[in-house]
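Notes to accompany the following structure.
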Amino acid sequence: MAEAPLKGLRVVELARILAGPWIGQTLADLGAEVIKVEAPEGDDTRRWGPPFIERPRRDGTTETVAAYFHAANRGKRSVICDFNDQDDLGRLRVLIESADVVIENFKLGGLRKFGLDYDSLAARNPGVVYASITGFGQDGPRAAQPGYDFLIQGMSGIMDLTGDPNGEPQKVGVAWIDIFTGLYGVIAVQAALAERARSGQGQHLDLSLLDCGVAVLANQATNYLLGGQVPHRLGNAHPNIVPYQLFPASDGHLVIACGNDRQFAALCRALERPDLPADPAYATNPARVAHRDRLIPILSGLTRHHARGALIAMLEAAGVPAGPVNDVAEALTEPQVQARGLRIAPEGIPGLRSPMRFSRNVLTTQRAAPALGDGEWRFSGG
């Protein structure tokens, strides 16, 4: 029987909200045993609704929890720890002695007074991989300041690159930097575990929201570093590729994404303007970028006379990447999404699985997010 790739790994999560719990959920999907340690009032996101979901608890009572919490805590067990209770702290330290990974997102130095900082825990468990998530990192002039996704989206540059060039800057529609930090956290944890297999030693991982937000500026940052021109938002256009943006149809909008000259020529043939690629102003991508202000109105004048569905079908048949602008419901009912099995419902709670598939291993997605305190202090192997 196929097993999950991280079966047998123990993770203690001292994290709340999104970036840290996203690390824990992803590791849980990969088969790790994840124990979420919560304050008596629970993770803040249990109350970040509506919508809310009511579920039974082990003791026969019911619990009402926001859907937000379920989005980032699937597959975990929950234990309650009052850091002001020495008995609770003692149980937690014993639990961490058997942990492979600890995830925390307290403010800089916030766990030291409880003996839950890396140095204190590593003294008793030198193999522990300890991932700290903060807004600005463990050092630097802002290290002690709190950081939130929206704040970091503004500081990182992504908001100045997002939205209508004639409007105000826009944030991404999900907590984009929190999610990226969570994913970088998973990569760092697995890299540290691989290194531990060689050295026998754990280590402290320092993950900053601002670091991650700046790091994923990708080509936009490199355009500036190499070209010297500060990029700004272009709406739905691409800074380096033309045509690669939103276009009007007679009944809505569609995305057309021509990544090379061959696709551009196919687009022009489908729109009955095969002469355009022969024009030196449009023959190559650099030329099209230089003359986008002339080319895009020509193409838009052609696409707006077609119904969206018919135009997408025509372009797909011609080998031109094109598609609709779906809302969330349409995205989740997209036949390709359904065929790939992204929608899951562990214990009847709808959600989305981690988008990884293995040829030999499987994910573990059978358990929904936990009720507050429904776990036990003693887990498998400990």
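At a threshold of 4.5 Å between non-hydrogen side-chain atoms, the residues Pro277 and Arg269 do not count as touching. Side chains of Arg91 and Asp88 form a contact here, defined as non-hydrogen atoms less than 4.5 Å apart. Side-chain contact between Tyr148 and Ile17 is absent, with no heavy atoms from C-beta onward closer than 4.5 Å. The side-chain heavy atoms of Pro346 and Ile344, taken from C-beta on, include a pair separated by under 4.5 Å.
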- request: Carefully, step by step, assess Leu299 and Leu271 under the rule side chain to side chain contact (heavy atoms under 4.5 Å, CB included).
  value: CA-CA 8 Å; Leu299 297 177; Leu271 294 175; 4.2 Å; yes
query: Given the rule in the side chain to side chain contact (heavy atoms under 4.5 Å, CB included) test, do Val189 and Ile103 qualify, once you have shown the distances and angles that lead to the verdict?
result: CA-CA 9 Å; Val189 164; Ile103 305 164; 5.5 Å; no
query: After noting the C-alpha distance and the side-chain angles of Glu33 and Leu9, does the key distance pass the side chain to side chain contact (heavy atoms under 4.5 Å, CB included) rule?
result: CA-CA 6 Å; Glu33 176 188 44; Leu9 188 76; over 6 Å; no
Steps toward side chain to side chain contact (heavy atoms under 4.5 Å, CB included) verdict (Asp279, Arg288): CA-CA 10 Å; Asp279 188 327; Arg288 293 192 294 274; over 6 Å; no
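Pairing each heavy atom of Ile241 with each of Cys258, the nearest pair is CG2-O, 3.2 Å. Scanning both residues, Val11 and Ala32, for their nearest heavy atoms gives CG2-CB, 4.0 Å. The two residues Gly137 and Ser208 make their nearest non-hydrogen contact at N-CB, 3.5 Å. The minimum heavy-atom distance between Val362 and Pro5, with the atom names listed, is O-CD, 3.4 Å. When all heavy atoms are compared, the tightest approach of Thr365 to Arg353 is CG2-CB, 4.3 Å. When every heavy atom of Phe264 is checked against every heavy atom of Pro243, the shortest pair comes out as CD1-CD, 3.6 Å.
A distance-only check finds no donor-acceptor pair linking the side chain of Ser354 to the backbone of Met356 [under 3.5 Å]. A donor-acceptor contact shorter than 3.5 Å links the side chain of Asn285 to the backbone of Val242. Looking at Arg304, its side chain never comes within 3.5 Å of a backbone N or O of Pro248 through a donor-acceptor pair. Between the side chain of Arg292 and the backbone N or O of His238 there is at least one donor-acceptor pair closer than 3.5 Å. Panel note: side chain Ser250, backbone His305; no donor-acceptor pair is recorded below 3.5 Å. Looking only at distances, no side-chain donor or acceptor of Asn105 sits under 3.5 Å from a matching main-chain atom of Thr134. Side-chain N or O atoms of Glu334 include one that pairs as donor or acceptor with a backbone N or O of Gln336 at under 3.5 Å. Side chain of Gln138 to main chain of Asp206: no donor-acceptor pair is present (N/O by atom type, distance under 3.5 Å, no hydrogens or angles). Panel note: side chain Asn73, backbone Phe69; a donor-acceptor pair is recorded below 3.5 Å. In this structure, Glu330 contributes its side chain and Asp327 its backbone to a donor-acceptor pair below 3.5 Å.
Taken from OH in Tyr244 to CG in Leu234, the straight-line distance is 13.5 Å, to the nearest 0.5 Å. Distance check, rounded to the nearest 0.5 Å: CG of Asp164 to CD of Gln170 gives 9.0 Å. Rounding to the nearest 0.5 Å gives a distance of 4.0 Å between CZ of Arg294 and OH of Tyr282. Between Arg233 atom CZ and Glu168 atom CD the span is 8.5 Å, to the nearest 0.5 Å. The distance from the CD1 atom of Ile133 to the CG atom of Leu209 is 8.5 Å, given to the nearest 0.5 Å. Taking CG of Leu302 as the reference point, atom CG of Leu276 lies at 7.5 Å (rounded to 0.5 Å).
The environment of CZ in Phe150 is sparse: at most 12 heavy-atom neighbours from other residues, nucleotides or ligands sit within 6.0 Å. The environment of Gln229 atom CD is sparse: at most 12 non-hydrogen atoms of other residues, nucleotides or ligands sit within 6.0 angstrom. The neighbour count for Tyr224 OH, taken as heavy atoms of other residues, nucleotides or ligands under 6.0 Å away, does not exceed 12. Other residues, nucleotides and ligands contribute at most 12 non-hydrogen atoms within 6.0 Å of the CZ atom of Arg360. No more than 12 heavy atoms of other residues, nucleotides or ligands shown are found within 6.0 angstrom of CZ on Arg112. Under a cut-off of 6.0 angstrom, the local environment of CD in Glu41 is crowded, with over 12 non-hydrogen atoms contributed by other residues, nucleotides or ligands.
Aromatic ring orientation, Tyr118 versus His204: parallel (interplanar angle below 30°, classes split at 30° and 60°).
Using a 4.0 Å cut-off between charged nitrogen and carboxylate oxygen, Lys171 and Asp149 do not count as a salt-bridge pair. A salt bridge does not link Arg55 to Glu63: none of the charged nitrogens lies less than 4.0 Å from a carboxylate oxygen. The pair Asp43-Arg46 does not meet the salt-bridge criterion, since no charged nitrogen lies less than 4.0 angstrom from a carboxylate oxygen. Between Asp29 and Arg74 a salt bridge is recorded (basic side-chain N to carboxylate O distance below 4.0 Å).
A continuous path of hydrophobic side-chain contacts links Leu14 to Leu89 [ILVMFWY only; heavy atoms under 4.5 Å]. The same ILVMFWY cluster, assembled from side-chain heavy atoms under 4.5 Å apart, contains both Leu205 and Val216. Linking Ile, Leu, Val, Met, Phe, Trp and Tyr whenever their side-chain heavy atoms come within less than 4.5 Å puts Ile23 and Ile152 in one cluster. In the hydrophobic cluster analysis, where Ile, Leu, Val, Met, Phe, Trp and Tyr join through side-chain heavy atoms closer than 4.5 angstrom, Leu342 is grouped apart from Trp22. By the criterion of side-chain heavy atoms lying less than 4.5 angstrom apart, applied directly or through intervening Ile, Leu, Val, Met, Phe, Trp or Tyr residues, Val94 is not grouped with Val37; the two fall into different hydrophobic clusters.
Geometrically, Arg16 engages Phe106 in a cation-pi contact defined by less than 6.0 Å to the ring centre and at most 45° from the axis.
Test Arg196, Glu195, Gln201 against Ser199 for side-chain hydrogen bond (donor to acceptor under 3.5 Å, both in side chains) and you get one pass: Glu195.
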